[in-house]
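Report on the structure given below.
Quick caveat, the model's predicted, so the values are computed rather than measured. In what follows, every chain begins at residue 1, and chains take the letters A, B, ... in the order their sequences are listed.
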Amino acid sequence: MSPRPVQTPLTHSRTGFTLVEMLVVLTIVISLFAVAASGFKKTWQSQELRASAIQLASDMSLASQTAIRLGRPVQVRFYRYQPVEIATQEPRFFGYQLLVRDKVIGLASPLYEMQRFQGTTVMADKGSFSTIAYTKPTVANMKLSGDLSQLDPVLAIGEYEYLSIEFRPDGRTNLDPYTSEPWTITLVSILDSERLADHSAETPVDFQTLSIEPLTGAVRIWN
Amino acid sequence: MTVLSIIMITIGATMATMQNTWSRTRSKADTYRSTRMALENMGRRISQATLGTRMVQDEESIGTAGIPPYRPESDLHFVLGPAKTNKGLNMEGDVCGHGIFFQAPFGEPGDFKNNTSATSTPQNSFNQLSNTLCAWGYFVEYGEDRTAMPRFIQQDNNSEHRRYRFRLMELRQPAVDLELFKVDGNQKPKYANQSPPKLYEWFLNPIKSSERPVSVVAENVVAVLFSPFDPQHNSTALGGNNSVLDTDAPFEITKNGLYDTRRALWNATPGLNNDDYTWESLHHLPPGIRMTVIATSEDSWQRLIARRGEGEAGSIARSLMGTINGRFQDGTPNSFKRDLKGVEEVFFKNGIDFRVFTIDLRMSEQ
């Protein structure tokens, strides 16, 4: 006859978690969320960059087509200013606007209101990344303007500068077609923009570069 | 906990699928939109082609019955046809489909800084010449495009930036560089009495040069095919219907797919029967051109690389080139449809998305 098993307190079934177990699980869950959130933020910024580049390419094509259709030059102006809501050390290119220029009197009137790049996206203002930032007066016409009547209300809060590309009725642009480098506009996140130095060997962590064909106004996206 | 995990995984997978589908559709739409725009831009340029043909008295034929006393003359040249074949344009490199080369008044004077004969005149005064004659051309090439690549990307050794693709290329020869008007060692026009391949050097040499005046018009254009047609010529074959410009009209006015406005000068025995267009094409542009563009999407090409690897994608590209270059040398609709079907099979076999665009052009000089 075999002996009956004796129940001891250690073999009692438990119905709850200990505090230590709860803490371990919570730590794991929080760590997972933190990793996921950081990845999500990167993906989100990358999507914002991509969306901004596609929108800009599309608007530049629109500028080219409008110039041909109306028989009047259309400018794409990239505005450099310091918005109130984003604390940056210096003004950045946060947006652009399409304007139709009158051939005779030379005044430009906006086609639409200013388009802001999405999220923290800005145009890199170093010439090695955005070659339109090279200050050749016939190409990138950078100047201070006091003509507030043409502005979006966002810009009217202070001083601003702009670079412009002009699409002409014959399909060409005002950019010099005989330069050694292609004409480019590079979109990066604002953090990258502050980090990058001109002619540095570094490339931005994430970027979208638009190259513009001076003779046809055709735009391509590189990344 | 298990149920929650399953729900989370299901939601995650659904969202990933949705995002993939959305980005794929967006990429496809972007690619085909840029192809359509390139097609329109190319069509606009080609329809402005000019030959400036004049009729001159032909001393030899005066008084000869049946031969008109005047003959056409032109200093310019228009040619289209298969890019790779010996009987076509005989271009070097990985070219695909057809090519077209011509002159037109695009008003692009060129870079006079490198031209010693023009240094005394300021660049701006040349820029005022809005109708200067230029040589232009289009062809499709497979390879890596480093010329248009932004400098900082070129310096980055990351191989992700190296993209081997089919691209629609545009040759631009501004007025100052017009090769066609150059003279030889005896001060005689270099290309006046030449036959191919020497005759085609006015566009072949610049394309071969190290700093070639060529730029990309659109990416992922696999082939562009030109089928010149003449409604009047077709009407004879169709029983005198002069309004024919319909899609099924036979538009074979080429030989081996080649339409060369100087063929009658270099072809030793041009045919004289009604079906032969050699004499009619002498210094005359074709009245119409049907342009067919075969394009794929960037997303589809990337998926092919991910699935098969860069090396095999290159092999597939070469197989496509071989298939296309071996066809489309007869302009009749039936053979064109048959050839196109053969190309479509290669796309289907390799699971590559593609689209075929067609546009009919009327040449403005006609």
Between B:F106 and A:R172, the two heavy atoms sitting closest are O-NH2, 3.5 Å

Do A:Q65 and B:E40 pass the side chain to side chain contact (heavy atoms under 4.5 Å, CB included) test, and can you show the C-alpha distance, the side-chain angles, and the key distance before you say yes or no? CA-CA 11 Å; A:Q65 286 166 23; B:E40 281 166 22; 5.8 Å; no

With side chains defined as the heavy atoms from C-beta onward, is the minimum distance between B:F152 and A:T184 less than 4.5 Å?
no

Applying a strict 4.5 Å limit to non-hydrogen atoms, the region of A:S64 in contact with chain B is neither

Exercise. For residues B:R172 and A:E213, determine if any side-chain heavy atom of one lies less than 4.5 Å from a side-chain heavy atom of the other.
Key: yes

So, the part of B:P174 with a heavy atom under 4.5 Å from chain A: the answer is side chain

Per-residue tally against chain A (heavy atom, under 4.5 Å) across B:Q154, B:R151, B:R44 peaks at B:R151

